[in-house]
There are 2 protein chains.
Amino acid sequence: MLKYSKQTRLLLAVDCIVFGFDGEVLKLLLIKRGFQPEKGNWSLMGGFVQADESLDQAANRILKQLTGLEGVYLEQLNTFGDPQRDPMERTVSVSYFALIDIQKYETQISADYHAEWFQLKRTPKLIFDHQEMVEQARKRIRYKAAMHPILFELLPTKFTIPQLQTLYECVFNTTIDKRNFSKRVLATGLLIKLADKDKAGSKRGAYYYQLNMQNYYAKFQAFMNFIPNPDSL
Amino acid sequence: MLKYSKQTRLLLAVDCIVFGFDGEVLKLLLIKRGFQPEKGNWSLMGGFVQADESLDQAANRILKQLTGLEGVYLEQLNTFGDPQRDPMERTVSVSYFALIDIQKYETQISADYHAEWFQLKRTPKLIFDHQEMVEQARKRIRYKAAMHPILFELLPTKFTIPQLQTLYECVFNTTIDKRNFSKRVLATGLLIKLADKDKAGSKRGAYYYQLNMQNYYAKFQAFMNFIPNPDSL
DNA sequence: TTTTTAATTGTGAAAACAACACTTAAAAAA
DNA sequence: TTTTTTAAGTGTTGTTTTCACAATTAAAAA
């Protein structure tokens, strides 16, 4: 078959912004770039899109190659195409963000790979426009989390309400009244109370909860405002 | 300077999904594609990204070349990268959506170019994955419009509250009580009441309003839910 | 047994929202 | 000139949601 002759062909990359939560602060996963330019400097998980793979496939492949992570929450964020963003050669990058439970993958990541977790407030200087990608990802997560229950992706299967509250306070950089928070969260019908407690955080212990997956999937898209019955969208 | 040798280079395109409102229904701007494959079939406004231009620049250029439109609301939507999406040669496409006031550009568009407006409910079959792009754009607009005042981009500078209500009813495919609607809209502080009326739609005539641009920019990002004081974000 | 620490739980006041119908301006018709 | 017609404009009330606020309890540690 014919081709589109005379058109410019470009390098296309994928960069993954991986967020994790350790129970106290939000963290960002970074690696030391393995090739020139900027070899050895801190970078997001990135790589080139291959000839025969889709963007989602590329993002998943790159994430797995560089960190071992598989089957995590991954969502396309934005495509960055400034002609000068990579000084070596023009490269357009499709960014994705991932949300993972740090504990679940901690040993795996640090043992087999050279990725490291950084507190979001203490990230090193990043290559190219990666800092901007991170900022955009943070904004997107806040935006989405304000209306959809995505932050559960950052928690273990079993979690306590105080843990959940800490996470929300962390993401939104605010404090929330715990009576109101638990009322609100429980009112969603998304949580199932378990019989056992987490004794790590306090003497009394806090009850574990897990997601009601049925309700989770059903209500994931619901939100509200400006429009009378927006839940029917 | 060196290049990234051995990496695959791809065609990168931009496709613009242009929405307009004629006072009654939402419309979509389409053109007949001017080259193979699918020459002569209905398509979004698309073109290849050039070597020296950013994605935003490409989107604006292509929109101008194909429709004459300039300075309109344009926002990046999503990047589509299925390897098979263009049967001729692999092309990754960055989609953008635009919101414009049909009246303002009507003569210009239909006179100089071959673009045509279609009612959203009566769009012809589109090439490649353009139908999916349109669906995604509609979702995004609903989503965003439910929380941010973007729909004003579809109206003339001077508009009436009944016109605004029709637009919202149209986008959300619902009916809204006009007493509640006007209360809500006026409560935002976004509108300035003008002295003259639009006599076209009724005998009595409806007062014109215009945006308070100060408040419009200031409040554009505000929204609410799940979090106690989300307006402080 | 006492102390310490964090988890758990309820109420009332204020604000936001949803449901609902009549009056009025002004052109058109009689 | 009067009457009719049409869509614009406007308020109230009951309900729901949101916010502010503090005492009690379980359980380990002292």
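A note on names: the letters A, B, ... follow the listed sequences, proteins ahead of strands, and every chain is numbered from 1. Source: prediction; values computed, not measured.
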Expressed as a whole number of angstroms, how long is the span from [X]:[atom1] to [N]:[atom2]?
X        : N      : atom1 : atom2 : answer
A:Asp177 : D:dA23 : CG    : P     : 14 Å
B:Asp196 : C:dA26 : CG    : C1'   : 16 Å
A:Tyr208 : C:dT8  : OH    : P     : 12 Å
A:Asp198 : D:dA28 : CG    : P     : 13 Å
A:Asn180 : D:dT16 : CG    : P     : 19 Å
B:Lys193 : D:dA8  : NZ    : P     : 13 Å
A:Phe181 : C:dA6  : CZ    : P     : 18 Å

What nucleic acid atoms does B:Lys183 come within less than 4.0 Å of, heavy atoms only: base, sugar-phosphate, or nothing?
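Here B:Lys183 touches the bases of the nucleic acid.
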Would you mind classifying the nucleic acid contact of A:Lys199 as base, sugar-phosphate or nothing, using non-hydrogen atoms under 4.0 angstrom?
sugar-phosphate
Can you figure out which of D:dT10, D:dC21, D:dA8 approaches the side chain of B:Ser182 most closely?
D:dT10
Pair partner, D:dA30 [Watson-Crick or wobble, under 3.5 Å]
C:dT1
I'd like to check the side-chain contact (heavy atoms from CB on, under 4.5 Å) partners of A:Asp198; sequence neighbours left out, ordered by chain and number.
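Only A:Thr160, A:Gln163, A:Ala200, A:Tyr208 meet the side-chain contact (heavy atoms from CB on, under 4.5 Å) criterion with A:Asp198.
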Which of A:Leu99, A:Thr166, A:Leu151 passes side-chain contact (heavy atoms from CB on, under 4.5 Å) with A:Phe21? Answer is A:Thr166
Polar-atom pairs under 3.5 Å, protein N or O versus N or O of nucleotides 3-7 of chain D: list them with distances, or write none.
residue, atom, partner, partner atom, Å
D:dT5, O2, B:Lys203, NZ, 3.4

Can you list the residues that meet the salt bridge (charged side-chain N to carboxylate O under 4.0 Å, His left out) rule with A:Lys139, with sequence neighbours excluded?
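If we apply the salt bridge (charged side-chain N to carboxylate O under 4.0 Å, His left out) test to A:Lys139, skipping adjacent residues, there are no hits.
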Just jot down the ring-ring contact (aromatic ring centres under 6.0 Å, His included) partners of A:Tyr216, sequence neighbours excluded, or say none.
A:Phe220
So salt bridge (Lys or Arg N to Asp or Glu O under 4.0 Å) across residues 152-168 of chain B, not counting sequence neighbours, yields B:Lys158-B:Asp196
Any salt bridge (Lys or Arg N to Asp or Glu O under 4.0 Å) pairs touching residues 126-136 of chain A, not counting sequence neighbours?
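Checked against salt bridge (Lys or Arg N to Asp or Glu O under 4.0 Å) - neighbours excluded - the pairs reaching residues 126-136 of chain A are A:Arg85-A:Asp129.
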Decide, yes or no, whether a salt bridge links A:Lys32 with A:Glu116 under the criterion of side-chain N to carboxylate O below 4.0 Å.
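Salt bridge: no.
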Ranking A:Arg179 and B:Tyr207 by the position along DNA chain D of their nearest nucleotide, the one closer to 5' is B:Tyr207
Whichever of A:Lys197 and B:Thr160 has its nearest DNA chain D nucleotide further upstream toward 5':
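By nearest-heavy-atom nucleotide position, the 5'-most residue is B:Thr160.
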